[in-house]
Amino acid sequence: MKIGIVGCAGRMGRMLLKEVSASPEATLVGGIERPGSPATGTDLGLLIGGETLGIGVGDDAAELFAASDTVIDFTTPAATVTHAALAARHGSALIVGTTGMGPDHVAALERAAQKVPVVFAPNMSVGVTLLMALTERVAGLLKDDYDIEILEMHHRFKVDAPSGTALGLGKAAAAGRGVDLDEMATRVRDGLTGPREPGSIGFATLRGGDVVGDHTVIFAAEGERIELTHRASNRAVFAKGALRAALWTRDRAPGLYSMHDVLGL
Ligand code: NAD
């Protein structure tokens, strides 16, 4: 499978370059960065501290999509919207790990998914995908007797909050309870908040250091507490999941898929 990477000089982009270039099932056809990026022209191999690969960082997205069976995108919501249109135009599958996506951004993925397979997951790790499935199951079993709180911590450079994964866990909890997260979420608390809204799903965000990604879903009742925790200690888990998703799109019908689909959950 011919795989291209957009945002290839980013933290995740470099991880993806490593995973894709090392995979016997994939051929790395190229990587691009935003126009004007200082990385432009740098050999992709040197970018990841390895041997030269003879492919420089490009800035022509259309060219990359035309050359790729599947493109992996961990960039920004605005860039991902542009890439979704290119995927549809050039018939390449798209794997989207970008977080902070609002309804308009997701609508762009839905449009592309009418033409090509699109896998979109705020967290591509196998462990978090399982945590989401467990959260939905436990929330469904416990109903409203237990207050649900979702705690996340990430490195100091993360720009969106709560994390896409935390919101995904919130959605899973809401689905388990048969409610709508947008109606039940308490995303921030500050000052004189009054008592907890019954049935709400609360979020708490921590930022600092080099934390790759910690998520805990807490089910708290009077007298006991259940906590489900996932800790990512290396970004490679997300890149491995994204590569698995990319390979999974081979001969797949157009549609918007999640990591649950990729893992067959
Ligand atoms: P980063 O800032 O290090 O990398 C993003 C890269 O995208 C940068 O190099 C930037 O120049 C590039 N970029 C921006 N606009 C572009 C464009 N138009 N064309 C090409 N390249 C462009 O950020 P990061 O830590 O690598 O994270 C990227 C995104 O992935 C964030 O939204 C983050 O939350 C998300 N993320 C998702 C997962 C997951 O499993 N789904 C895991 C980790 C991070």
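Whatever order the structure lists ligands and atoms in, that order sets their numbers, starting from 1. In this text, all values refer to a predicted model and were calculated from it rather than measured experimentally.
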> Which ligand 1 atoms are under 4.0 Å away from a heavy-atom of Thr98?
Replying inline: 32 (O)
> Nearest protein heavy atom to atom 44 (C) of ligand 1, by residue and atom, and its distance?
Replying inline: Met12 CG, 3.7 Å
> Does Gly10 reach ligand 1 with a nitrogen or oxygen that is under 3.5 Å from one of the ligand's nitrogen or oxygen atoms?
Replying inline: yes
> Does ligand 1 have an atom that lies less than 4.0 angstrom from a heavy atom of His83?
Replying inline: yes
>> Just to be sure I read this right, does ligand 1 sit under 4.0 Å from the backbone of Lys158, its side chain, both, or neither, counting only heavy atoms?
In response: side chain
> Can you tell if the side chain of Asp73 reaches within under 4.5 Å of the side chain of Thr98, non-hydrogen atoms only?
Replying inline: yes
>> Within this structure, what is the NE2-CG distance for the pair His83 and Leu64, rounded to the nearest 0.5 Å?
In response: 8.5 Å
> Any N or O on Val6 sitting closer than 3.5 Å to an N or O of ligand 1?
Replying inline: no
> Any donor-acceptor pair under 3.5 Å linking the side chain of Thr40 with the backbone of Ser37?
Replying inline: yes
>> Quick test: of every protein heavy atom, which one is nearest to atom 18 (N) of ligand 1, and how far off is it to 0.1 Å?
In response: Ala79 CB, 3.4 Å
> Would you call Lys158 and Glu152 a salt bridge, taking side-chain N to carboxylate O under 4.0 Å as the test?
Replying inline: no
>> Tell me the protein heavy atom at minimum distance from atom 16 (C) of ligand 1, and give that distance in Å.
In response: Arg34 CB, 3.6 Å
> If you measure every N/O of Pro35 against every N/O of ligand 1, is any gap under 3.5 Å?
Replying inline: no
>> Below a 4.0 angstrom heavy-atom separation, can you tell me which part of Ala78, side chain or backbone, both or neither, approaches ligand 1?
In response: neither
>> Considering non-hydrogen atoms of the protein only, which is the closest contact for atom 12 (C) of ligand 1, and what is the distance?
In response: Glu33 OE1, 3.4 Å
> Can you get from Val57 to Ile32 by hopping between Ile, Leu, Val, Met, Phe, Trp and Tyr side chains that sit under 4.5 Å apart?
Replying inline: no
> According to a 4.5 Å side-chain heavy-atom criterion applied to Ile, Leu, Val, Met, Phe, Trp and Tyr, with indirect links allowed, do Leu86 and Val96 form part of one hydrophobic cluster?
Replying inline: yes
> Below 3.5 angstrom, do we get any N/O pair linking Pro122 and ligand 1?
Replying inline: yes
>> Testing the basics here: between Ile148 and Arg196, what is the closest heavy-atom pair and its distance to 0.1 Å?
In response: O-NH2, 2.8 Å
> So which protein heavy atom does atom 33 (C) of ligand 1 come closest to, and at what separation?
Replying inline: Thr99 OG1, 3.7 Å
> When only distance counts, is Ala9 in polar contact with ligand 1, meaning an N/O pair under 3.5 Å?
Replying inline: no
> Is the closest side-chain heavy-atom distance between Pro77 and Met101 below 4.5 Å?
Replying inline: yes
> Quick one: which ligand 1 atoms are inside 4.0 Å of a heavy atom on Gly97?
Replying inline: 30 (O), 35 (C), 36 (N), 37 (C), 38 (C), 39 (C), 41 (N)
> Distance only, no hydrogens: is a donor on one side chain within 3.5 Å (strictly under) of an acceptor on the other, for Thr229 and Asp214?
Replying inline: no
> Heavy atom of Ala121 under 4.0 Å from ligand 1?
Replying inline: yes
> Applying a 4.0 Å heavy-atom criterion (strictly less than), which segment of Ser163 is in contact with ligand 1: side chain, backbone, both, or neither?
Replying inline: neither
> Side chains of Asp160 and Thr99: is there a donor and an acceptor less than 3.5 Å apart?
Replying inline: yes
>> Is there a path of hydrophobic side-chain contacts, each under 4.5 Å between heavy atoms, that joins Met1 and Met259?
In response: yes
>> Around atom CG of Asp210, are there more than 12 heavy atoms from other residues, nucleotides or ligands closer than 6.0 Å?
In response: no
> Which residue supplies the protein heavy atom nearest to atom 25 (O) of ligand 1, what is that atom called, and how far is it?
Replying inline: Arg11 NE, 2.9 Å
> Yes or no on salt bridge (charged side-chain N to carboxylate O under 4.0 Å, His left out) for Glu149 and Arg189, after CA distance, side-chain angles and deciding distance?
Replying inline: CA-CA 12 Å; Glu149 293 284 312; Arg189 292 189 184 97; 2.8 Å; yes
> Counting each atom of ligand 1 from 1 as listed, which ones have a heavy atom of Met124 under 4.0 Å away?
Replying inline: 39 (C), 40 (O), 41 (N)
> atom 5 (C) of ligand 1: which protein heavy atom is closest, and how many Å away?
Replying inline: Phe74 O, 3.8 Å
>> Counting non-hydrogen protein atoms only, what is the nearest one to atom 29 (C) of ligand 1? Give residue, atom name and distance.
In response: Thr75 O, 3.4 Å
